[in-house]
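In what follows, a single structure is set out as structure tokens and then discussed.
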Amino acid sequence: MFQLAKSVDDAIAPIGDGCMLVVPREVSGVPMEATRALVRRGIKQLHLVALPTSSLQADLLVGAGCVETLETSAVSLGELGPAPRFSAAVTSGTIKLKDATCPALHAALQASEKGVPFMPLRGLLGSDVLRYRDDWKVIANPFGDNDPIVLLPAIKPDVALIHALMADGFGNVWIGRQRELATMAHAADRTIATVEKIHDGNLLDDPVLAAGTLPGFYIDAVAVADRGAWPLGLPDHYGADADHLALYARMAATEAGFEDYLKQYVYEKRAA
Amino acid sequence: MTLGYRDEELLADVIARLIGSVRHVAVGNASPIPATAALLARERGVGRPYVSLLQSRKHNFFTDGARELFDCAGQGRIDVFFLSGGQIDGHGNVNLVSTGEYQRPRVRFPGSFGSSYLYYVVPKVILFRTEHSRRTLVPKVDFISAPGASEANVYRPGGPIALVTNRCLFSFANGRFTLTSVHPGHTTEEVLDNTGFDFDRPDSVPETPAPTSETLRMMREVVAPQLAEVYPQFAAQIFGVRQAAFAR
């Protein structure tokens, strides 16, 4: 029988140093409470894969020195401007960056979903994104005539870390229309979810809820994290905390300010 | 405000005309002016085109995850998309990655997003860059996130059709930009002074038409409130629209 984790810390225990960790884009249910717990634990050398972009989450992990390799098609704070710790790390060369483009990350995870070694993708030819990716190959379309096409090796993460509205006592997690969370879970060896609440009953018993449910078969751990995406939003449930994000952008603009931010909002239990 | 409208409103009007009569317009990250234009085109077209704002919950009909947009585009189901760039050059190459050496950049931008794919497969890509300067419009980009044109054997049903800046509108064809019109209050000389790449131009360059009062009304009263969900700062600054408080 599925056991709900006692705490977020217990749920994320399998995420160790050097883990290849896949996380969702900024509007899909980002497990920020779990991310702060990882920083507090002092995790190191993550190979972080953002599907396909990230905002605060990647900036925080990079700034706190948790990331060795970052695979993403962008990191930005949106209207608040560039992601300051990400920009600083890239310009000073302290992380290894695998620059990608959004559909390439989706496709490479879909390859793992299907258990195939690679996926082809249009576009990319003649770009410097392709030029600097020595793990991507160009082949002649074997079914075409003089038609070069890019092949992307499958991305198989050790762990997918997600945040969603609810789970049930069977480990089923309701993700709604955030289907990229399903792609992540299908592709990864293990999936860890934080949720706002526990659903009474079995999510798969209700056909309306079942359509948006990620079956417990894929889930290794679930912990409750109330407002676990804060200060980011949880789609259809609560919005981003714009004031706090603006505060982050201001504080993280300098290394000293970022250290203060960590002290106040990550190492100390948040007051919000 | 001597002209009675803001730069952003003029640019959105220009972009709405470029969108033309199509079935599906998609708008990516950090694109408030194109989003304004797409929603304006939808208001004028009475429900068409379909508009997908990637970061929106309301203006986004995708139900198969973030990949659906790209799958849709790969099939030719997206007619118009928008790209910007930290740098754009005269061949229509866009740079969303960095300046200087890639391995040791001077300035790092967010990253290529979907550009390295969408630029190839969306038939009408409209480039926009409000800052029109020699810093942004360069002879040659430092990093090609996506090229303006491709070799004959590269699968490429899409590409750039125009570049909109705070000073003017360029069209793009056969690997080159042509100055199409200069916005009110700006001059061709100023465009020449502030553009780092070569471009073609007619002997006499027309002025970009100002938005009509009906267009301004539509933008301010109908479009602006819809923008606040995705672009709260932009909606507040440009249109004075405040987002409804989030449910806590």
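All values derive from a computational prediction rather than experimental measurement. Throughout, a chain's letter reflects where its sequence line sits, starting with A, and its residues are numbered from 1.
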Subject >> Approximate separation, where rounding is to 0.5 Å, of A/D236 CG and B/K58 NZ >> reply: 11.0 Å
Original post:
Rounded to the nearest 0.5 Å, how far apart are OH of B/Y120 and OG of A/S127?
Top reply: 4.5 Å
**OP:** Answer with side chain, backbone, both or neither: which region of B/F70 has an atom nearer than 4.5 Å to a non-hydrogen atom of chain A?
**Re:** side chain
Original post:
By a 4.5 Å heavy-atom criterion (distance strictly below it), what part of B/P147 contacts chain A: side chain, backbone, both, or neither?
Top reply: side chain
Subject >> Option in B/R104, B/E68, B/R67 with maximal non-hydrogen atom pairs under 4.5 Å from chain A >> reply: B/R67
**OP:** Check whether any side-chain heavy atom of A/I149 lies under 4.5 Å from a side-chain heavy atom of B/Y155, and answer yes or no.
**Re:** no
Original post:
Looking only at heavy atoms, which two atoms of A/L97 and B/R108 are closest? And how far apart?
Top reply: CD2-NH1, 3.2 Å
**OP:** To the nearest 0.5 Å, tell me how far B/L54 CG sits from A/R25 CZ.
**Re:** 6.0 Å
Original post:
Would a 4.5 Å heavy-atom cut-off, applied to side chains only, mark A/Y132 and B/Q103 as touching?
Top reply: yes
Original post:
If we only count heavy atoms from C-beta on, is the B/T63 to A/R179 side-chain gap below 4.5 Å?
Top reply: no
Subject >> Pick from B/P32, B/A152, B/S150, B/A66 with the largest number of heavy-atom pairs that fall under 4.5 Å of chain A >> reply: B/A66
Subject >> Minimum-distance pair of heavy atoms, taken over all atoms of B/I144 and A/G126 >> reply: CG2-O, 4.0 Å
Subject >> Top contributor to chain A contacts, counting heavy-atom pairs under 4.5 Å, from B/S145, B/G74, B/G100, B/S98 >> reply: B/S145
Subject >> Selection from B/Y231, B/F143, B/Y119 maximising heavy-atom pairs under 4.5 Å formed with chain A >> reply: B/F143
